[in-house]
Amino acid sequence: MSDTSLRIHPAIAIARVGNSTEYYLGPETMAASPQEGTALTGGLPIKPGTEATTITSADLRDAQGRLKRQAARFKIYQYPTEGGASSYPTPGGQEVLIGSVVDNKKVTDIIWTTHLANKKANCWEMDEDANLGIDLYKPHEVTYMGQTFEVSTPPLRNPDFDSTTPQNPYQVNPADATRLSKLVIDAGPRAILASQGNTPVKFDSTTGASYYDAATGAIAQAPDYPIQFPASKGTPADGSAPIEYLGEILTEPNGRLLVLGGHGLACGFNNQGDFDPSQKLCTDVDNNNWLDDASDGPVTAVLVFEDGSKRAIEGSAWVAVTDPAYAPQTLNVVKLWDDVYNTWLENFNLQPHIFSNGAYNPNYKPYFQDDVFPTLNAAHMQMWNTNLPEQAIAAHQRIRALTEQKPPFNIMAFIRNPDGSQNDKGAPLMPLSLGDANQAFLTVSRQQYFFMEQWSKGLSVGAEPIPLGPGEQLDKTILVNCLGGRFSPGIDLTFIVRDTNLYNKDWTNPAIGPFRINAEPLDYSKASKDTPFLGVGYIPLRPDQVQPGDLCKFMAIPWHTDYNSCATHTPSPNPGGELNGQNVYSGTVNTTLFWSWPAQRPVAVYTFDDLAANNGNLQATRQRYSVRGAGTAAVDGMDNGDCAPLRFDPAAANVGRFQNRKNILTGWMKIGTVIQGAAIEGFPEEFDKDYYLEVASLFDQDESNLVVFWPNVVDDEVYPPKN
C-alpha cells in the first residue's frame with residue numbers, strides 16, 4: 001500500500017488569451033494582499049522561467065505591442081496517507097518534481113495529458129434579460145409561437161443551424177451529430193513528457209492527438225481522433241478570423257506543466273458551418289453564428305520512476321481559458337473562491353466546525369486576515385477601476401483600516417444581506433454593483449456575510465488561522481483572483497460553480513480532495529475519425545459527468561461582446577420596472593448607472609501618463625474610460641447595424657464601450673492593464689507606489705468621453721471628447 005496520496009494543484013486553473021505568441025505565468029499570490037518583504041501587493045503574474053519573480057509593466061506586451069497570454073501552471077503534491085477519510089485542509093503537502101522521492105522511489109519524469117475544447121455554439125442561451133442563471137435548468141413553463149409547454153433548459157443557441165426553416169429552440173436536439181461536429185471546436189488530447197517539454201505541443205488542426213495509454217505505459221498517438229476546427233477556412237475580415245488553434249502545452253525543466261490558451265479570436269460562420277465574417281453581432285451574450293477560441297478541459301499526470309514503474313495520479317485537475325486580466329491586482333468584493341467555497345461549505349460537509357446540519361456555527365471565530373479583511377480591502381480597491389466620488393473613496397479607506405477588533409459602528413447596517421430581502425436596495429448598502437440570479441444588486445456570499453457578522457460581534461479577536469498546505473493554498477489563490485458573484489455570465493467561470501453536480505463528490509478520498517471537477521473518464525482508444533468524440537456533456541442540475549469544453553460553454557459567445565457591454569448599466573431587474581422613454585422621469589424606476597465587474601472589467605481608470613503629467617497629484621488627475629478612443633463616443637442607441645431596434649438606450653448609458661459591437665473584436669487587445677505603481681517601469685520615487693494605474697493602453701488619449709463621478713444617471717449630460 002502506498003504511503004502517500006498525490007494530487008494536482010490547482011484543482012481549477014485559469015489561463016488567459018492574448019494576441020501575442022509570448023506569455024507570462026498566472027499569479028500565485030492573492031490580489032491586493034500585502035506581500036512580506038516587498039512593496040508589491042499580490043496578484044501580479046510571474047515571469048516565465050522563474051519561481052515567483054513578478055512581472056513589471058514592461059512585460060505586459062511583446063516587442064510588437066501585442067498583449068501576452070497568461071499561462072496556467074500545474075504542480076503535483078504528495079500527502080501522507082494515514083488511512084481513513086481526508087479532511088480539509090489536509091496537513092502537509094510537499095511538491096513533487098523531477099528528482100523527488102515518492103514512496104522511496106525517485107521520480108525521473110512526468111507524463112502530462114490535457115484536452116481542450118469549446119462547446120459554446122452548441123450550448124444553451126444565458127438569457128441575459130431574465131438573468132436567472134441555474135434556475136433556468138429547473139422545470140419551468142415557456143410559451144413559444146403561441147404554444148405553452150414545460151422545459152428544463154433555456155433555448156438552445158443556433159437553433160436553425162443546418163436547417164432551411166426556423167426551429168423551436170427548446171426542442172432542437174443538441175446531440176445531433178451534425179451539430180456536434182460543426183458547432184464544437186475539439187482539439188482533442190495532447191500528451192507531453194516533462195523531460196522533453198521545452199518544445200510546445202500545440203492544440204491545432206495539424207498536430208495529431210496523443211494521450212497516456214495505461215495499457216502500454218507510454219504516450220500513444222490517436223490518429224483516428226476526430227480533431228474538429230469548424231469554419232477554419234477563409235480570410236480574416238471585419239474582426240472575424242478562422243480558428244485553427246486553441247493553445248499549447250509545455251513544461252518547466254522541473255516537471256511542472258504550463259497550459260497556454262488561444263489568441264482571442266472570434267469567428268463568424270453561416271448556416272452551413274462555413275466561415276462568414278459578415279455575420280451580425282446583435283446581442284451582448286448569445287450571438288448565433290459565432291465561435292471564439294476560449295476553451296477548457298482536464299489535466300492528468302503520470303509519474304515515471306527510476307525503476308521504470310509508473311503511477312497515475314487518480315484525481316484530475318481542470319484548466320479554463322478565458323478573457324485577459326486587465327487589473328490583476330484588483331480584488332473582487334465577491335470572488336470566484338467565495339462562490340465555490342460557499343457551495344462546498346454548505347453542501348459537502350467541507351468544514352463542519354463552520355457549517356453543519358444546515359446552519360453556520362454561531363460560536364465560530366473567523367480569522368480576520370483570511371475571512372474578513374479581503375472583503376473590506378476589495379471595497380477599497382474599487383476606487384481604481386470605477387468613477388467613485390471622493391466621499392465614497394474616503395469611506396472605503398476607513399473601512400480598510402479596521403482591525404480584528406469589533407468595529408466601532410454597526411457595519412452590518414451597510415452590507416446587503418444575501419437572503420434576498422434587500423436585493424432591490426442600492427446605496428448605502430454594499431456591495432454597490434449590479435447583481436445576478438434575478439437580483440438587482442450584488443450581495444456577498446452567505447459565508448462572507450456570516451464571517452462579517454461574527455467579526456462585528458467581536459468574535460475575531462484572538463482567532464487563529466486555519467493553515468492551508470501549499471497545494472491547497474494554490475487552489476484558493478487562483479479562485480480568489482477571479483470574478484464571482486455576478487454570473488451573468490461573468491468573465492472566468494459562471495453560475496455552474498454553484499451546482500454540486502459539477503464537482504467530484506468523492507473528495508474525502510485522499511487521492512481526490514475538494515474543489516475538483518467531476519470529470520468523465522475518456523477512452524481515446526475508441527475514437528473514430530468519422531464520429532464526434534465529445535457529446536452534449538454536462539448539463540446543470542443533472543448528474544452527468546463533465547467533458548472538455550463543458551465549463552466555458554456557459555459563457556458569452558463571443559466573450560468580447562459581453563466584455564464590451566459591461567461597463568455601466570441600470571439595475572436589472574429594475575426595482576421600478578423596465579426603463580423606457582416614458583418613465584425615465586417618473587421617479588419610480590432606478591435610473592442610476594452601476595458597475596458590472598469593475599475589478600475584472602475596469603470602467604474608469606487613472607493612467608500613469610496622466611498622473612505623470614500632473615506630477616504625481618492624483619486629485620488633479622482625471623479618470624479616463626478603460627475602453628475609449630475611436631468608435632466609443634457615447635450616443636443615443638448603439639450602432640447596431642441591421643440588428644433589431646434597440647430599446648430605450650440613452651447616451652449616458654453607453655459610455656466606456658464601443659458603440660458598434662464588432663469594434664471590440666479588434667479593440668480588446670488595445671485595452672491597458674491596471675497595476676500598482678511599484679510594478680511600473682520608470683515610476684518616479686516620489687510618487688505614491690500604492691496607486692494602481694493603467695499602463696500599456698494602445699488607445700489614443702484624446703478620444704475619450706470625460707468621466708463623471710458617481711452617482712450618474714441615464715439622462716445625464718455626456719461630455720464630448722477633449723484634448
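What's counted below: heavy atoms across the whole structure, side chains too, no hydrogens, waters or symmetry copies. Keep in mind the model is a prediction, meaning the values are calculated, not measured.
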**Q** Do the side-chain N and O atoms of Q329 and T41 include a donor-acceptor pair separated by under 3.5 angstrom?
**A**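 Indeed, the side chains of Q329 and T41 share at least one donor-acceptor pair under 3.5 Å.
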
**Q** Decide salt bridge (charged side-chain N to carboxylate O under 4.0 Å, His left out) for E244 and K202; before the verdict, give the C-alpha distance in whole Å, the side-chain angles of both, and the deciding distance to 0.1 Å.
**A** CA-CA 10 Å; E244 301 180 83; K202 296 184 177 181; over 6 Å; no

**Q** Quick check for you: to the nearest 0.5 Å, what is the distance between I466 atom CD1 and D371 atom CG?
**A**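 Result: 6.5 Å between the selected atoms.
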
**Q** With F533, which of D523, L522, D224 fulfils side chain to side chain contact (heavy atoms under 4.5 Å, CB included)?
**A** L522

**Q** To the nearest 0.5 angstrom, please state how far the CG atom of L183 sits from the SG atom of C123.
**A** 11.5 Å

**Q** So, N122 versus N158: side-chain donor-acceptor pair below 3.5 Å or not?
**A**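 Per modelled atom types, N122 and N158 side chains form no pair under 3.5 Å.
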
**Q** Identify the heavy atoms of T29 and G43 that sit nearest to each other, and give their distance.
**A** OG1-N, 3.0 Å

**Q** Kindly write out the residues that satisfy side chain to side chain contact (heavy atoms under 4.5 Å, CB included) with T90, not counting sequence neighbours, or none if the list is empty.
**A**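 Applying side chain to side chain contact (heavy atoms under 4.5 Å, CB included) to T90 gives R7, Y79, S86, E472.
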
**Q** With sequence neighbours excluded, what pairs up with A301 under the side chain to side chain contact (heavy atoms under 4.5 Å, CB included) test?
**A** I8, I76, I110, W112, I313

**Q** Decide whether N501 and Y538 meet the rule of one side-chain donor and one side-chain acceptor closer than 3.5 Å.
**A**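 No donor-acceptor contact under 3.5 Å links the two side chains.
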
**Q** Run the numbers on F74 and H9 for ring-ring contact (aromatic ring centres under 6.0 Å, His included), then give the verdict.
**A** CA-CA 6 Å; F74 288 92; H9 294 280; over 10 Å; no

**Q** Identify, with sequence neighbours excluded, every residue that meets side chain to side chain contact (heavy atoms under 4.5 Å, CB included) alongside A312.
**A** V302

**Q** Could you tell me which non-hydrogen atom of T81 sits nearest to which non-hydrogen atom of T4, and how far apart they are?
**A**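 In terms of heavy atoms, the two residues are closest at OG1-C, 3.1 Å.
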
**Q** Looking only at side-chain N and O atoms, does Q547 offer a donor or acceptor that is under 3.5 Å from a partner on K119?
**A** yes

**Q** As a test of understanding, state which of V497, D499, T494 forms a side chain to side chain contact (heavy atoms under 4.5 Å, CB included) with I134.
**A**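 When side chain to side chain contact (heavy atoms under 4.5 Å, CB included) is applied between I134 and each of V497, D499, T494, only D499 qualifies.
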
**Q** If we check ring pair (Phe, Tyr, Trp, His ring centres under 6.0 Å) with F515, which of these qualifies: W337, W507, Y503?
**A**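 The single option meeting the ring pair (Phe, Tyr, Trp, His ring centres under 6.0 Å) with F515 is W337.
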
**Q** Under 6.0 Å from the six-membered ring centre of Y23 and within 45° of its axis: does the NZ or CZ of R69 meet both?
**A**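 No; the conditions do not both hold, so R69 does not lie above the ring face of Y23.
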
**Q** The test is side chain to side chain donor-acceptor pair (under 3.5 Å); show your working for Q35 and S33 and say whether it passes.
**A** CA-CA 6 Å; Q35 300 297 299; S33 62; 2.9 Å; yes

**Q** Walk me through whether Y524 and H115 qualify under ring-ring contact (aromatic ring centres under 6.0 Å, His included).
**A** CA-CA 11 Å; Y524 297 116; H115 186 160; 5.6 Å; yes

**Q** Salt bridge (charged side-chain N to carboxylate O under 4.0 Å, His left out) between D506 and R516: does it pass, once the steps are laid out?
**A** CA-CA 9 Å; D506 188 25; R516 300 200 178 269; over 6 Å; no

**Q** Return the minimal non-hydrogen interatomic distance between E252 and L25, and the atom names on each side.
**A** OE2-CD1, 3.8 Å

**Q** Scan for salt bridge (Lys or Arg N to Asp or Glu O under 4.0 Å) pairs involving residues 13-25, sequence neighbours excluded, and state none if there are none.
**A** R16-D492, E22-K68

**Q** Should R157 and D286 be marked as a salt bridge (charged side-chain N to carboxylate O under 4.0 Å, His left out) after you check the CA-CA gap, both sets of side-chain angles, and the distance that decides it?
**A** CA-CA 7 Å; R157 289 170 174 165; D286 295 304; 2.9 Å; yes

**Q** Test side chain to side chain donor-acceptor pair (under 3.5 Å) on N19 and R66 and set out the steps.
**A** CA-CA 6 Å; N19 64 326; R66 298 172 300 189; over 6 Å; no

**Q** If you compare all heavy atoms of W318 against all heavy atoms of D296, which two are closest, and at what distance to 0.1 Å?
**A** NE1-OD1, 2.9 Å

**Q** P154: which residues meet the side chain to side chain contact (heavy atoms under 4.5 Å, CB included) condition with it, sequence neighbours left out?
**A** W124, L136, Y137

**Q** Within the 3.5 Å criterion, strictly below it, is a donor on S20 or D62 matched to an acceptor on the partner's side chain?
**A**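 Looking only at side-chain atoms, D62 and S20 do form a donor-acceptor pair, the distance falling under 3.5 Å.
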
**Q** Restricting to ring-ring contact (aromatic ring centres under 6.0 Å, His included), what partner residues turn up for F348, sequence neighbours left out?
**A**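 For F348, the residues satisfying ring-ring contact (aromatic ring centres under 6.0 Å, His included) (neighbours in sequence not counted) are W344.
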
